Amino acid sequence: MKLTDILVRDACRVDLAAQLYQMLIEREKLGTTAMGDGIAIPHARVESLDRLLAVFGLSRAGVDFDSLDGQGTHLFFLLVAPGKEGSAHLLLLARLSRLLGSEAFRARLRQVQSTDELFRAIEEEESRH
C-alpha cells in the first residue's frame, strides 16, 4: 500500500489519492526529497485540504529513492499541506529535519513496531531539544 493511500484514507479523502500521488511524482522530478541518511520527506500542497496531513512510512530493507547520498531510504515522512496554508508545513519540515539530525533517533525510528512507539520516540526526542 502506498503512503498516499494511507494518508487519504485516514483523512477520509480517498478522492485525492490519484491526484496526490501524481503531484508527488511531479515534485520528485524537480529534485529528490530524499535527504540522505535514510530519510525522505516528500511533500505537496493540495488546494482542497483544510489542514496539514502527515504519515510516516518505514522500509526496513530500504528503497531506492534517488537519495542525495546514494543510499537506500528507510524513513519516510509524507506531508501534505492545504494550498492556502501559510508556513505551518515549513515549520514542520524544519522540526523534522532537526529531530532527524540525530543518528540515535533515526536508528530508533527504524525499530518502531507500532504507532504508539513512533509517537513515544518523537515525544522523547523532542523533550531533548
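A quick note: this is a predicted structure, and the numbers were derived from the prediction, not measured.
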Can you tell me how far apart [atom1] ([X]) and [atom2] ([Y]) are? Round to the nearest 0.5 Å.
{"X": "Ile39", "Y": "Gln71", "atom1": "CD1", "atom2": "CD", "answer": "12.5 Å"}
{"X": "Leu75", "Y": "Met35", "atom1": "CG", "atom2": "CE", "answer": "10.0 Å"}
{"X": "Leu118", "Y": "Arg120", "atom1": "CG", "atom2": "CZ", "answer": "10.0 Å"}
{"X": "Gln22", "Y": "Leu24", "atom1": "CD", "atom2": "CG", "answer": "9.5 Å"}
{"X": "Arg45", "Y": "Leu20", "atom1": "CZ", "atom2": "CG", "answer": "14.0 Å"}

Do [X] and [Y] touch side chain to side chain, with heavy atoms closer than 4.5 Å?
{"X": "Leu52", "Y": "Val80", "answer": "no"}
{"X": "Phe77", "Y": "Leu109", "answer": "yes"}
{"X": "Pro82", "Y": "Asp50", "answer": "no"}
{"X": "His43", "Y": "Arg27", "answer": "yes"}
{"X": "Thr73", "Y": "Asp66", "answer": "no"}
{"X": "Leu96", "Y": "Leu79", "answer": "yes"}
{"X": "Glu28", "Y": "Phe65", "answer": "yes"}
{"X": "Phe76", "Y": "Ile41", "answer": "no"}

The test is side-chain contact (heavy atoms from CB on, under 4.5 Å); show your working for Ile122 and Phe105 and say whether it passes. CA-CA 8 Å; Ile122 293 170; Phe105 179 60; 3.9 Å; yes
Walk me through it: do Glu26 and Met23 pass the test side-chain contact (heavy atoms from CB on, under 4.5 Å)? CA-CA 5 Å; Glu26 293 303 316; Met23 290 173 79; 5.8 Å; no
Answer yes when Glu125 and Arg128 have at least one side-chain N-carboxylate O distance shorter than 4.0 Å, and no when they do not. yes
Is Arg108 salt-bridged to Glu124, cutoff N-O under 4.0 Å? yes
Would you say Ser67 and Asp69 are linked by a side-chain donor-acceptor pair, where the criterion is simply a distance under 3.5 Å? yes
Determine, step by step, whether Leu90 and Leu92 satisfy the side-chain contact (heavy atoms from CB on, under 4.5 Å) criterion, reporting the C-alpha distance in whole Å, the side-chain angles of both residues, the deciding distance to 0.1 Å, and the verdict. CA-CA 5 Å; Leu90 297 176; Leu92 182 54; over 6 Å; no
Between Ser59 and Val63, what is the shortest heavy-atom contact and its length? OG-CG2, 3.5 Å
May I ask you to check whether over 12 heavy atoms, not counting those of Phe56, lie within 6.0 Å of atom CZ? yes
Per the salt bridge (charged side-chain N to carboxylate O under 4.0 Å, His left out) rule, what does the pair list look like for residues 89-104, sequence neighbours excluded? Arg95-Glu126, Glu103-Arg106, Glu103-Arg110
